[in-house]
Enquirer: 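First the structure, then my questions, so here it is.
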Amino acid sequence: IYNFFLKETGTPVFPFVSQGVNSLLGIQAEDLVRDGGLFFSMVHPDDLASFVASVHKAFHNNLSWNHEFRIVTKDGLIKWISAASNPYTE
């Protein structure tokens, strides 16, 4: 479970990330809250362009987001991720 947005500069921000991120990604929630770019840096290089394009399209058009992609953990493991989120306004 997470909360995510892009700053006007395009910088990713995760104001909230549940502790489950540790078992899924091998990183601490606090680290991802401190540096949202950390998640983007974990996306497999072959998937990064489509991942970033899908995030920007959904975010800037206020659309639901669904995307399957690979990440590379700090231990070098490759994991497939199926992620989804829904937009909301505050």
Enquirer: Quick check on the hydrophobic clustering: are Phe59 and Leu63 connected, directly or via other members, by side-chain heavy-atom contacts under 4.5 Å?
Expert: no
Enquirer: Main chain of Leu24, side chain of Lys79: is a donor-acceptor contact present, judged purely on distance under 3.5 Å?
Expert: yes
Enquirer: Taking the side chain as C-beta and beyond, is there a heavy-atom pair between Val43 and Val52 under 4.5 Å?
Expert: no
Enquirer: Where does the angle between the aromatic ring planes of Trp65 and Phe69 fall among parallel (under 30°), tilted (30 to 60°) and perpendicular (over 60°)?
Expert: tilted
Enquirer: Assigning hydrophobic clusters by single linkage (Ile, Leu, Val, Met, Phe, Trp, Tyr; side-chain heavy-atom cutoff under 4.5 Å), is Val33 placed with Phe16?
Expert: no
Enquirer: Does the side chain of Gln19 come within less than 4.5 Å of Glu30's, by heavy atoms?
Expert: yes
Enquirer: Taking atom CG of Leu32 and atom CG of Asn22, what is their separation to the nearest 0.5 Å?
Expert: 11.5 Å
Enquirer: What I'd like to find out is whether the side chain of Ile81 reaches to under 4.5 Å of the side chain of Leu25, using heavy atoms alone.
Expert: yes
Enquirer: Check whether any side-chain heavy atom of Ser85 lies under 4.5 Å from a side-chain heavy atom of Ser64, and answer yes or no.
Expert: no
Enquirer: Spell out, yes or no, whether Leu38 and Val72 are grouped together once hydrophobic residues are joined by side-chain heavy atoms under 4.5 Å, including indirect joins.
Expert: no
Enquirer: Supply the atom-to-atom distance Phe40 CZ to Ile71 CD1, rounded to the nearest 0.5 angstrom.
Expert: 13.5 Å
Enquirer: Once the angle between the rings of Phe14 and Phe4 is folded into 0 to 90°, is it parallel (under 30°), tilted (30 to 60°) or perpendicular (over 60°)?
Expert: tilted
Enquirer: Using a cut-off of 6.0 Å, state whether more than 12 heavy atoms not belonging to Leu77 lie near its atom CG.
Expert: yes
Enquirer: Please determine whether the number of non-hydrogen atoms from other residues, nucleotides or ligands lying under 6.0 Å from atom NZ of Lys57 exceeds 12.
Expert: no
Enquirer: Could you tell me whether the side chain of His67 reaches within less than 4.5 Å of the side chain of Val55, counting heavy atoms only?
Expert: no
Enquirer: For Thr73 versus Met42, what's the shortest heavy-atom pair and its separation?
Expert: CA-CE, 4.0 Å
Enquirer: List the atom of Val13, the atom of Pro15, and the distance in Å for their closest heavy-atom pair.
Expert: O-CD, 3.5 Å
